[in-house]
Amino acid sequence: MALKTVVTADFDEGNRRVAAGDWQGAIAAFDRCLLVNPRDWQALANRASARLQAGDSSRALDDYMAAAALNPASANIKSNLAVLLKELGELELAGKLLEEALAAEPGHVDAWSNLGVVRQHQLRYQDAIACFLKAIELDGLTPARCNNLGNVCTSALLLDDAIAVLQGGLGLAPNDANLQFSLSIALLLAGRYAEAWPLYEARWRSILKPRHAGSLWDGGPLGGRALLLWAEQGLGDSLQMARFLPRLRAEHPDARLLLACPETFHRLFAQFDGVELLPPDAAPDHDCQLPLMSLPGMLGATLDNLPAEPYLRTVAVDAPPLPDAGRLKVGVVWESGRWGVGIADAWRQHKSVPPEQFAEICRVQGIDFFALQPGELPEPLRGLVAQPAIGDFADTAALAAQMDLVVCVDTAILHLAGAMGRPVWGLLRAESAPFFLADAETAPWYPSVKLWRQPSPGAWEPVLRDVAQALAGQQTF
């Protein structure tokens, strides 16, 4: 067989394996191409794409750079390299590459879609919408393009548009998990819980992998069976869903209730009678199981029937009470927990307030500020905020109970203090979050939580100024 024929066969096999999602098989096929011709820029670019899908960003970047050096005019290479740079958090560079690609090839549909994603991460939502609409204009509606457009409309809180676009996408692909999950988020923000919950289950086919594969609880009588509940997402989600544990215990008195959750909750959650607490990766014998975030849908939760009473209280801790200096005590949290690196950490950063900006709140006179998040204080807050010792959420709850007010970003402490019924001022991004609605002044799941929203994406300064002024003028909360 001629050498060229062998190379062509390997290249075709690599592309077939990419189409099948066999990233390692594709990489091996392109490896064989490159053994014969190390300057084959198409094989380099395709291997880069496969490596990116396989999670090998470093070697994907090497391949893209080599391919770009061999064919610097290729809009395809620039577009795909921009996707990798976006994943690495290099949004400015990714945007410039895509602009270059589109200047050379204005009809490059994928470049328009990729630029829309970059603009969305840059919080430039109207620009992102324009990019996605251009891709649709050039090449028509597809489920993926509907998902992109619907998601950015959700971020911009254009919820009617988001819902219409995503429903239109489901008209093209009724079982598309990404569209179903995206639509659930828009519906939750709109307060349309009954419609949202069934679609929210698509997260297991979209963004998450279930930890347990056993029989799901169908919401029916448990009798004496064992139900395993397990934490699936962030710490705040577990605190939010804990409200349903007393109801489950009361409605299924003979059932064995098991809760696998982070051990930082175990001392605090021991207050739930009849619930056995297990490590998060536990796999005990059970008759049925359910991820925690599926509880509200299973129990038919709506805005009209959410439990409004506090459901967490303090438990005994070793630390002595804070000294009483006769001033108001305000607990503060300025940062959400870390989620990853690169673009995976972008939304956490958007939820957090840079310490040098948050310091404006902590300079208000006549108030003692206490950090309710563990870890070393950042330099801008030293001398303004005290840092009590915190070992777990029982310690945090004991501290929150001593505060006259908690001021925090959208993170687990907001859920904790809200669950305790403590006065909370929650600092929210302009994009809001699924369980805080689009424009509510009070958190619907926590009546004691007042919401302070950014007036525009990324704009913390007006929020912090208003909060500082409000703190300076109030003596009780």
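Source: prediction; values computed, not measured.
- Side-chain contact between Pro296 and Tyr193 is absent, with no heavy atoms from C-beta onward closer than 4.5 Å.
- Between Trp197 and Phe435, the ring planes are parallel. Angles under 30° get that label, and only those over 60° would be called perpendicular.
- Annotation: side chain of Leu189 is in contact with side chain of Leu157 (closest heavy-atom distance under 4.5 Å).
- The backbone N or O of Gly116 lies less than 3.5 Å from no partner atom in the side chain of Arg119, so there is not a single donor-acceptor pair.
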TODO: Report the C-alpha separation of Arg348 and Glu335 in whole Å, then their side-chain angles, then the decisive distance to 0.1 Å, and conclude whether the salt bridge (charged side-chain N to carboxylate O under 4.0 Å, His left out) test is met.
DONE: CA-CA 8 Å; Arg348 179 203 69 83; Glu335 184 177 58; 3.4 Å; yes
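- In terms of heavy-atom proximity, Leu312 sits nearest to Leu416 at CD1-CD1, 4.1 Å.
- Checked against Phe370 for a side-chain contact (heavy atoms from CB on, under 4.5 Å), the options Leu322, Val406, Val330 give a single hit: Leu322.
- Looking only at side-chain heavy atoms (C-beta outward), Phe358 and Val385 stay at 4.5 Å or farther from each other.
- The structure places CZ of Arg465 at 9.0 Å from CD of Glu461, a figure rounded to the nearest 0.5 Å.
- Smallest separation of non-hydrogen atoms from Ala430 and Gln454: N-OE1, 3.0 Å.
- Summarising the geometry, atom CG belonging to Asn178 is positioned 12.5 Å from atom SG belonging to Cys146; distances are rounded to the nearest 0.5 Å.
- For Asp218, the CG atom counts as densely surrounded, since its 6.0 Å shell holds more than 12 non-hydrogen atoms of other residues, nucleotides or ligands.
- Two residues are said to be in side-chain contact when any heavy atoms from C-beta on lie closer than 4.5 Å; Leu222 and Asp254 fail this criterion.
- Here the side chains of Thr396 and Leu268 are not in contact, with every heavy-atom distance at 4.5 Å or above.
- The line from CG of Leu248 to CG of Leu290 is 9.0 Å long, rounded to the nearest 0.5 Å.
- In the displayed structure, Lys96 atom NZ is contacted under 6.0 Å by at most 12 heavy atoms of other residues, nucleotides or ligands.
- Looking only at side-chain heavy atoms (C-beta outward), Leu158 and Gln126 come within less than 4.5 Å of each other.
- Between Ile129 and Cys153, the shortest heavy-atom contact is CD1-SG, 4.2 Å.
- Among residues at least two apart or in separate chains, ring-ring contact (aromatic ring centres under 6.0 Å, His included) pairs with a member in residues 245-285 are Trp217-His252, Phe265-Phe269, Phe265-Phe393, Phe269-Phe272.
- Figure legend: Arg243 and Tyr446 shown as a cation-pi pair, the cationic atom lying under 6.0 angstrom from the six-membered ring centre and within 45 degrees of its axis.
- The main-chain N or O of Arg313 is found under 3.5 Å from a side-chain atom of Gln271 such that the two form a donor-acceptor pair.
- Under a 3.5 Å cut-off, the side chain of Thr442 and the backbone N or O of Pro447 do not form any donor-acceptor pair.
- Trp230 and Trp204 have tilted rings, their planes meeting at an angle from 30° to 60° on a 0 to 90° scale.
- Under a cut-off of 6.0 angstrom, the local environment of CG in Asn305 is crowded, with over 12 non-hydrogen atoms contributed by other residues, nucleotides or ligands.
- The CZ atom of Arg192 lies 12.5 Å from the OG atom of Ser184; values are rounded to the nearest 0.5 Å.
- Considering only heavy atoms from C-beta on, Leu257 stays 4.5 Å or farther from Glu276 through its side chain.
- Side-chain atoms of Gln387 come within 3.5 Å of backbone N or O of Gln373 as a donor-acceptor pair.
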Open item on the list: Pair Leu208, Gln233 - check side-chain contact (heavy atoms from CB on, under 4.5 Å), show working.
Closed with: CA-CA 9 Å; Leu208 298 175; Gln233 298 183 44; 3.8 Å; yes
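- When all heavy atoms of Ala94 and Leu85 are compared, the closest pair comes out as CB-CB, 4.0 Å.
- Ser182 has its side chain out of reach of Thr154: every pair of non-hydrogen atoms, C-beta onward, lies at least 4.5 Å apart.
- One finds a salt bridge joining Arg382 and Glu376 here, because a Lys/Arg side-chain nitrogen approaches an Asp/Glu carboxylate oxygen to under 4.0 Å.
- Side-chain atoms of Arg256 do not come within 3.5 Å of backbone N or O of His286 as any donor-acceptor pair.
- Formation of a donor-acceptor pair under 3.5 Å by the Arg225 side chain with backbone atoms of Asp287 is not found in this model.
- To the nearest 0.5 Å, atom CG of residue Leu159 and atom CG of residue Leu166 are 10.5 Å apart.
- Across all their heavy atoms, Gln240 and His415 have their closest contact at OE1-CE1, 3.6 Å.
- A salt bridge is defined here as a Lys NZ or Arg NE, NH1 or NH2 lying under 4.0 Å from an Asp or Glu carboxylate O, and Arg267 with Asp395 meets this definition.
- Remark: the backbone N or O of Ala397 is not paired with any side-chain donor or acceptor of Thr314 at under 3.5 angstrom.
- Ion pair Arg211/Asp281 not flagged as a salt bridge, since none of the NZ, NE, NH1 or NH2 atoms sits closer than 4.0 Å to an Asp/Glu carboxylate oxygen.
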- [ ] Test Arg203 against Ser294 for side-chain contact (heavy atoms from CB on, under 4.5 Å), laying out the working first.
- [x] CA-CA 10 Å; Arg203 68 195 185 277; Ser294 293; 2.8 Å; yes
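- Heavy atoms of other residues, nucleotides or ligands lying less than 6.0 angstrom from CE of Met298 number more than 12.
- The nearest pair of heavy atoms linking Ala301 to Leu306 is CB-CD2, 4.1 Å.
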